[in-house]
Amino acid sequence: MNLPANLPSNVFLAPMAGITDRPMRQIVNKKSNGYVALVSEMVAINALSRKNPKTYRIADVREEKYPVIVQLVGSNPALFADAAQLAQELGAAGIDINMGCPVRKITAGGAGSALMKNMTLASEIIRTVVNAVSLKVSVKFRKGWDADSVNAADFAKMCEDNGAAFITVHGRTRAQGYSGTADWKIIADVKNAVRIPVIGNGDVNSPESAKKMIAETGVDGVMIGRAALGSPWLPGQIDAALHGRELLGLAPGEIRQTLLEHIDLLKNYYGEKLAVALSRKYVCWYSKNFYDAKRFRENYMKISDYQEALTAIENYFNQNEGRTE
Ligand SMILES: Cc1cc2nc3c(=O)[nH]c(=O)nc-3n(C[C@H](O)[C@H](O)[C@H](O)COP(=O)(O)O)c2cc1C
């Protein structure tokens, strides 16, 4: 089976709460010339079916000109059906079910990676969502709950049997969180267990590592998370490398220009005040390894005025972009 035809690539930007919002998706889409598959931040089904305004806005992707898969998280099948239908009305190009989130607040309610310990409920959720929408439904999960309960291959089979169109597996257990290295061997086991497409996730941070993961595991595509923080061009570069298109390096000043564009998109979406607050983490990521970055960041954290923030970035990046520590 192939990946859904409405996806532009087998290279995915990973869903990241607080990160892969509309501004981030716009930047990654632009930098890849539209060649990266995009997933929303996770959306809580309880809040979405109550039409909580903030959650509703996160799920509403109608204004975006490229396909966005909306990821849902929760544990109640009936609410999942409601939320998936609403996400479909709000423009989702596909529904992804989060069965991998390790955060205690999520797992305590039986959602996210806790569903890896409850295959009966997990299968009911997948079936219910598949029946509730006309969109393709995918599932994202982990290696297992902990080292003593590694069950990703069985879990993958369960997803396939209940109608998932494709799956994504992150090669770490819930107990590992985001630490240590991802186990790509388990990703190969998952690939061998099913016929639906498998997307591999965990520690892909360059075109070379993406090619290596595909060669070692046989996966049908890759998903990139943390390596895209401050490098929104990376998923597009990986897509280009995998598909034999010319790889363009960064032009002089492109990091500064991209950061300023990102902040402008944050302003358009969240307003100036919140854009400045949110820009702080992006400024740190975009200036990774730059000369004297520590001092610049310390000063930047004190800025709350939008124009002042832009000027500080102009000044620092003009002098230091490309100058490493
Ligand atoms: C800040 C942050 C937020 C995340 N939020 C989500 C999320 O909302 N849904 C999800 O399925 N995974 C989430 N993840 C996990 C990533 O999608 C991905 O599985 C993980 O980072 C491993 O990939 P990487 O090694 O490429 O970063 C998050 C990860 C990070 C670092």
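We use all heavy atoms of the structure for the numbers below, so side chains are in, but hydrogens, waters and symmetry mates are not. In listed order, ligands and their atoms are each counted from 1.
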Exercise for review: Flag the pair Glu124 and Arg127 as a salt bridge only when some basic side-chain nitrogen lies within less than 4.0 angstrom of an acidic carboxylate oxygen.
Suggested key: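 No.
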Check your understanding: Are the charged groups of Asp154 and Lys157 less than 4.0 angstrom apart, N to O?
Key ->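 Judged by the 4.0 Å cut-off on N to carboxylate O distance, Asp154 and Lys157 do not form a salt bridge.
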Part of [X] with heavy atoms under 4.0 Å of ligand 1, whether side chain, backbone, both or neither:
| X | result |
| --- | --- |
| Met16 | both |
| Lys140 | side chain |
| Asn201 | side chain |

Point to revise | Minimal non-hydrogen separation, Ile255 against Glu321, with atom names | key: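 Heavy atoms only, the tightest pair is N-OE2, 2.8 Å.
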Any side-chain donor paired with an acceptor under 3.5 Å for [X] and [Y]?
| X | Y | answer |
| --- | --- | --- |
| Thr173 | Asp146 | no |
| Thr20 | Arg25 | no |
| Ser231 | Tyr286 | no |

Of all the atoms in ligand 1, which lie at a distance below 4.0 Å from a heavy atom belonging to [X]?
| X | result |
| --- | --- |
| Ala14 | 17 (O) |
| His170 | 19 (O), 20 (C), 22 (C) |
| Asp203 | 24 (P), 25 (O), 26 (O) |
| Arg226 | 21 (O), 24 (P), 25 (O), 26 (O), 27 (O), 31 (C) |

May I ask you to identify the nearest protein heavy atom to [atom], giving residue, atom name and distance to one decimal place in Å?
| atom | answer |
| --- | --- |
| atom 26 (O) of ligand 1 | Gly225 N, 2.9 Å |
| atom 28 (C) of ligand 1 | Tyr178 OH, 3.3 Å |
| atom 5 (N) of ligand 1 | Ala17 N, 2.8 Å |

Check your understanding: So, does Gly202 sit close enough to ligand 1 that a heavy atom of it is under 4.0 Å from the ligand?
Key ->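 Per 4.0 Å heavy-atom rule, Gly202 contacts ligand 1.
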Point to revise | Gap between atom NZ of Lys211 and atom CD1 of Ile238 - 0.5 Å precision | key: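 The CD1 atom of Ile238 sits 10.5 Å away from the NZ atom of Lys211.
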**Study point:** Heteroatom proximity flag, Pro15 to ligand 1, N/O under 3.5 Å
**Key:**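 Yes.
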Check your understanding: Are any of the N/O atoms in Val204 less than 3.5 Å from those in ligand 1?
Key ->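 Min N/O separation from ligand 1 is not below 3.5 Å for Val204.
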Review point. Using the benzene-type ring in the case of Trp, are the ring centres of Phe296 and Phe290 under 6.0 Å apart?
Key: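 No, the ring of Phe296 stays outside the 6.0 Å limit from the ring of Phe290, centre to centre.
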Point to revise | Candidate list Arg57, Met16, Glu41, test side chain to side chain contact (heavy atoms under 4.5 Å, CB included), partner Asp21, passing option | key: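 When side chain to side chain contact (heavy atoms under 4.5 Å, CB included) is applied between Asp21 and each of Arg57, Met16, Glu41, only Glu41 qualifies.
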Exercise for review: For atom 11 (O) of ligand 1, state which one of Glu41, Arg172, Gln71, Lys281 supplies the nearest heavy atom.
Suggested key: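 Shortest heavy-atom distance from atom 11 (O) of ligand 1: Gln71.
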